[in-house]
2 protein chains.
Amino acid sequence: MNKSQLYKGSLTTIILKLLEENGRMYGYEMTQKVREMTSDELTINEGALYPALHKLEAEGLLTVEVVPAGNRLRKYYSITLKGQAETVNRLAELESFIEHMRILLGPKVILG
Amino acid sequence: MNKSQLYKGSLTTIILKLLEENGRMYGYEMTQKVREMTSDELTINEGALYPALHKLEAEGLLTVEVVPAGNRLRKYYSITLKGQAETVNRLAELESFIEHMRILLGPKVILG
DNA sequence: AAAATATACCTCAGATTCTGATGTATCAAG
DNA sequence: CTTGATACATCAGAATCTGAGGTATATTTT
């Protein structure tokens, strides 16, 4: 993850939210979606993405389904019920983080 | 740093901004200030704070001045010119991060 | 006066998360 | 037939944090 730095810990929140919104996605698709949504300003590093997906799956927040696409493979990820609950927590934590930053860094910040 | 999680990377931004606003502070004072400002919701972990202060000093973003307070020592930190420039960058990155999260996570988030 | 809490600094092992490089393989386009 | 896109992956090393522990002085409570 790079270019206009993300704070460590935010990647999993993005993954969960993308899957919550789009139902089912594969890793590479996520990198493209984020590029597209941020006009190339934000790039998900695949070296961070794939391990993160594996971890979320191991934690039972995602399920995976391997689907052949032509002669290649795609691993489609979907969010589980547990994952949906975790998404709520993650978003609440992010809001809390932003509120604290607003308090600590002053009103100039974050109102952009 | 804990309790209502901060994202990794935000601690140095907080330190720089506190010093920019308050002119001169020592480590322990920063932990108390953050507690006070966030009504105890956010606690800076000293195990993260002190190494961060040492690193910022090593990078030339802060200067330190050891001052006896009674029979104890305080290490007062001040921000350098270089540190002020870096603060501008850090705040811009934070705003950028928040804007990207707004785009990726939807309008419900971040608007409180 | 003794014990507990607050002030004030610090280190260190281990965990987490990320970067950047590298690797494999298929597919489309020029 | 090579370049670039698609699609997955791993790994060494860096950065940052948590949680625990340590030293010492000062103040407050019992």
Side-chain angles (χ1 to χ4, degrees), chain A residues 1-16 24-36 40 42-59 61-62 64-77 86 90 93-94 97 100, chain B residues 1-16 24-36 40 42-59 61-62 64-77 86 90 93-94 97 100:
Chain A
M1 178 92 69
N2 67 338
K3 222 179 192 182
S4 178
Q5 198 60 16
L6 270 210
Y7 288 87
K8 290 189 184 180
S10 51
L11 177 56
T12 55
T13 307
I14 291 171
I15 294 171
L16 289 169
R24 206 176 80 137
M25 296 181 86
Y26 55 98
Y28 187 78
E29 190 183 8
M30 294 180 198
T31 67
Q32 297 317 104
K33 184 72 174 173
V34 167
R35 270 185 185 284
E36 177 210 313
D40 279 26
L42 199 63
T43 307
I44 292 183
N45 184 330
E46 297 188 15
L49 176 64
Y50 291 114
L53 287 172
H54 300 161
K55 197 188 177 204
L56 289 171
E57 191 201 343
E59 289 168 348
L61 305 183
L62 305 183
V64 71
E65 191 187 349
V66 180
V67 175
N71 217 325
R72 260 179 296 187
L73 289 182
R74 282 180 187 162
K75 294 178 77 171
Y76 278 94
Y77 289 91
E86 184 60 21
R90 298 283 191 147
E93 270 173 32
L94 180 69
F97 166 71
H100 292 144
Chain B
M1 175 92 69
N2 68 340
K3 220 180 193 179
S4 175
Q5 198 61 15
L6 271 210
Y7 289 88
K8 291 189 184 182
S10 52
L11 177 57
T12 54
T13 307
I14 292 171
I15 293 171
L16 289 169
R24 206 177 78 139
M25 295 181 85
Y26 54 99
Y28 188 77
E29 190 183 7
M30 294 179 199
T31 67
Q32 298 316 104
K33 185 72 175 173
V34 168
R35 272 185 184 282
E36 177 210 313
D40 279 27
L42 198 64
T43 307
I44 292 181
N45 184 331
E46 297 188 15
L49 175 66
Y50 290 113
L53 287 171
H54 300 160
K55 197 188 176 204
L56 289 170
E57 191 201 344
E59 289 169 348
L61 306 183
L62 306 183
V64 69
E65 192 187 347
V66 181
V67 175
N71 215 325
R72 260 180 295 187
L73 288 183
R74 283 179 187 162
K75 293 178 77 171
Y76 278 95
Y77 289 92
E86 184 60 22
R90 297 286 191 145
E93 269 173 32
L94 181 69
F97 166 71
H100 292 145

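Chain naming here is simple, since letters A, B, ... match the order of the sequence lines and numbering starts at 1 in each. Hydrogens, waters and symmetry mates are skipped; everything else that's a heavy atom, side chains included, is used.
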Check your understanding: For Gly47(B), which contact category applies under a 4.0 Å heavy-atom criterion: base, sugar-phosphate, or nothing?
Key -> base
Revision key, fill the gap. Sorted by chain and residue number, the side chain to side chain contact (heavy atoms under 4.5 Å, CB included) partners of Lys75(A) (sequence neighbours excluded) come out as Val64(A), Val66(A), Tyr77(A)
Check your understanding: Quick one: is His54(A) getting a side-chain N or O under 4.0 Å of the dC8(D) phosphate, OP1 or OP2?
Key -> no
Check your understanding: Starting at CG of Leu49(B) and ending at P of dC10(C), how long is that distance when rounded to a whole Å?
Key -> 9 Å
Review point. For dC10(C), does OP1 or OP2 lie under 4.0 Å from any side-chain N or O of Lys75(B)?
Key: yes
Exercise for review: Enter the distance from Asn45(A):CG to Leu11(A):CG here, rounded to the nearest 0.5 Å.
Suggested key: 9.0 Å
Practice item. Produce a footprint string for nucleotides 25-30 of chain C: one letter per nucleotide, 5' end first; B if the base is under 4.0 Å from any protein heavy atom, S if only the sugar-phosphate is, - if neither. Key: -BS---
Practice item. Let me know the distance between CD of Glu36(B) and P of dT7(C), rounded to the nearest Å. Key: 12 Å
What nitrogen or oxygen pairs link the protein and nucleotides 21-23 of chain D at under 3.5 Å?
none

Review point. Would you say dC9(C) has OP1 or OP2 under 4.0 Å from some side-chain N or O of Tyr28(B)?
Key: no
Exercise for review: Send over the distance from Asn45(B) CG to dA15(C) C1', rounded to a whole Å.
Suggested key: 14 Å
Practice item. Could you pick out which residue, Tyr76(A) or Lys55(B), lies toward the 5' side of DNA chain D when each is mapped onto its nearest nucleotide? Key: Tyr76(A)
Review point. What is the distance, rounded to the nearest whole Å, between atom CG of Leu53(B) and atom P of dT16(D)?
Key: 13 Å
Exercise for review: Check salt bridge (Lys or Arg N to Asp or Glu O under 4.0 Å) between Glu29(B) and all other residues, then give those that pass, not counting sequence neighbours.
Suggested key: none
Check your understanding: What integer distance in Å separates Ile15(B):CD1 from dC17(D):C1'?
Key -> 12 Å
Check your understanding: Taking N and O atoms by type only, does the side chain of Lys8(B) place a donor or acceptor under 3.5 Å from a partner on the base of dA15(D)?
Key -> no
Exercise for review: Go through the structure and list residues passing salt bridge (Lys or Arg N to Asp or Glu O under 4.0 Å) with Arg74(A), not counting sequence neighbours.
Suggested key: none
Check your understanding: Taking only N and O in the side chain of Tyr26(A), is any of them less than 4.0 Å away from OP1 or OP2 of dA7(D)?
Key -> yes
Exercise for review: With sequence neighbours left out, write down each residue that passes side chain to side chain donor-acceptor pair (under 3.5 Å) with Thr12(A), or none if nothing qualifies.
Suggested key: Arg90(A)
Exercise for review: Specify the separation, in whole Å, of atom CD of Glu29(B) and atom C1' of dT7(C).
Suggested key: 12 Å
Point to revise | Arg24(B): salt bridge (Lys or Arg N to Asp or Glu O under 4.0 Å) partners, not counting sequence neighbours | key: Glu65(B)
Review point. Is any side-chain N or O of Tyr50(B) closer than 4.0 Å to OP1 or OP2 of dC10(C)?
Key: no
Point to revise | Tyr76(A): ring pair (Phe, Tyr, Trp, His ring centres under 6.0 Å) partners, not counting sequence neighbours | key: Tyr26(A)
Review point. Whole Å only: how far is the OH atom of Tyr77(A) from the C1' atom of dA9(D)?
Key: 10 Å
